[in-house]
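Just below is one structure, and these are the notes that go with it.
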Amino acid sequence: MELLRGQSTWVEQRVAVRALGHLATYDSTFPAVAAYRDILELAIQLAIDAVEIVYTHFLQFVDKRLSYHCDLLTRGMGGLEMESRKAEEWASQLQCWSLQLVNCFAFKEEFLPTICQADFLEQLPCMWGGLVNESSPAGLGVLRTICYQRLGRLPVAESPCIIDALCNIARSSDDWQYMAVDCLMWLLQDSNTRLKVKRLFLSLSTLCTALPSCQLMN
Amino acid sequence: MQVLAISGLWNTAMAYPNDPEFVELGVFECMAQLIWKGIQNRQWLAQDQNIYIPYYAAHIIGSYTMNREEFAEEAVRAGNISQIERKKVSIMGFLLVFACDHFFFLSADMMLLCCICVLLKKGCLCIQVLYLH
């Protein structure tokens, strides 16, 4: 927790959030992680700031890079270009792993109000693992967990820009396309959110003809 | 020396995250204490190559908790223990078996010794290296 709180540098934050994310995954150890009141806020903030942190504390000034950071990044083998490339990869991991930790909290109703702050929600569709972290559903994964729950669907439906983003991803060839489709389906199936996202019907029904596995409205 | 031991352990944790051996030997307590030490004792952190230690320690905890729930439970237990009675070491017995008195009293950092001993047992660290340092 102290490393996550930034007692050291972003490099240590990255591995701390990874470890805490693993601990939060299991039902038996989640309560011990959630006992730290500030952990969720910290993970949210870290997901938002990850790229900025790595840029300002590492990438920006080539001559101010900490040598142990360079060694850890390149494992002692590689030049400036390799360092920068790995730093970009680690920035994305810092973000993805923070989101993975947030995702564990998003399954529990009591934490949804903290997660569903408009400014964070609206950034979720833009947070993606990129080519280096393609195995992580990143921001869209969190959004899907939120949309899975009644309490989470309401704030999502309130935001036209999230709905637009979900429609775009659902129509794209993104690996996580199906997650956006899931979100939209749940929003349409819920009578509390259906009317708010009604204007999506057209784009979604077009999509459904393209995806045979997708069944609109049960 | 310390970095050598911990990076060896890091390699092992990455390669065999489901192997219970180090978990049973108290790897979580050991790593938690090293992280604490790095936070509380900046002078120690700045010495030699100790700056690498908190990073490796947190990474090792993350690797062993990646796949097995019982390891994660163990990690949580160890975290709680290390906060309440940080000085007590459950693997002391193990340490005493492997560390000779000479070495034991020379180094104040018992936790690092534990690492070294464990690595020695695993054959990750050759005895000459230990002797030289």
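Owing to the predicted nature of the structure, the values given are computational and were not obtained by experimental measurement.
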Kindly compute the distance separating [atom1] ([X]) from [atom2] ([Y]), expressed to the nearest 0.5 Å.
{"X": "B/Ile35", "Y": "A/Gln7", "atom1": "CD1", "atom2": "CD", "answer": "12.0 Å"}
{"X": "B/Gln49", "Y": "A/Asp71", "atom1": "CD", "atom2": "CG", "answer": "8.0 Å"}
{"X": "A/Thr29", "Y": "B/Glu74", "atom1": "OG1", "atom2": "CD", "answer": "12.0 Å"}
{"X": "A/Leu3", "Y": "B/Tyr55", "atom1": "CG", "atom2": "OH", "answer": "12.0 Å"}
{"X": "B/Ser63", "Y": "A/Arg18", "atom1": "OG", "atom2": "CZ", "answer": "3.5 Å"}
{"X": "A/Asp27", "Y": "B/Glu69", "atom1": "CG", "atom2": "CD", "answer": "6.5 Å"}

With a 4.5 angstrom heavy-atom cut-off, could you sort out which part of [X] is near chain A: side chain, backbone, both or neither?
{"X": "B/Arg68", "value": "backbone"}
{"X": "B/Ser7", "value": "neither"}
{"X": "B/Phe71", "value": "neither"}

Can you name the closest pair of heavy atoms from [X] and [Y] and give their distance?
{"X": "B/Asn67", "Y": "A/Tyr26", "answer": "C-OH, 3.2 Å"}
{"X": "B/Val76", "Y": "A/Ala32", "answer": "CG1-CB, 3.3 Å"}
{"X": "A/Glu12", "Y": "B/Ile51", "answer": "OE2-O, 4.1 Å"}
{"X": "A/Ala19", "Y": "B/Ile61", "answer": "CB-CG2, 4.1 Å"}

Toward chain B, the part of A/Arg5 with a non-hydrogen atom under 4.5 Å | neither

Give a yes or no on whether A/Gln60 atom CD has more than 12 heavy-atom contacts from other residues, nucleotides or ligands under 6.0 Å away.
-> yes

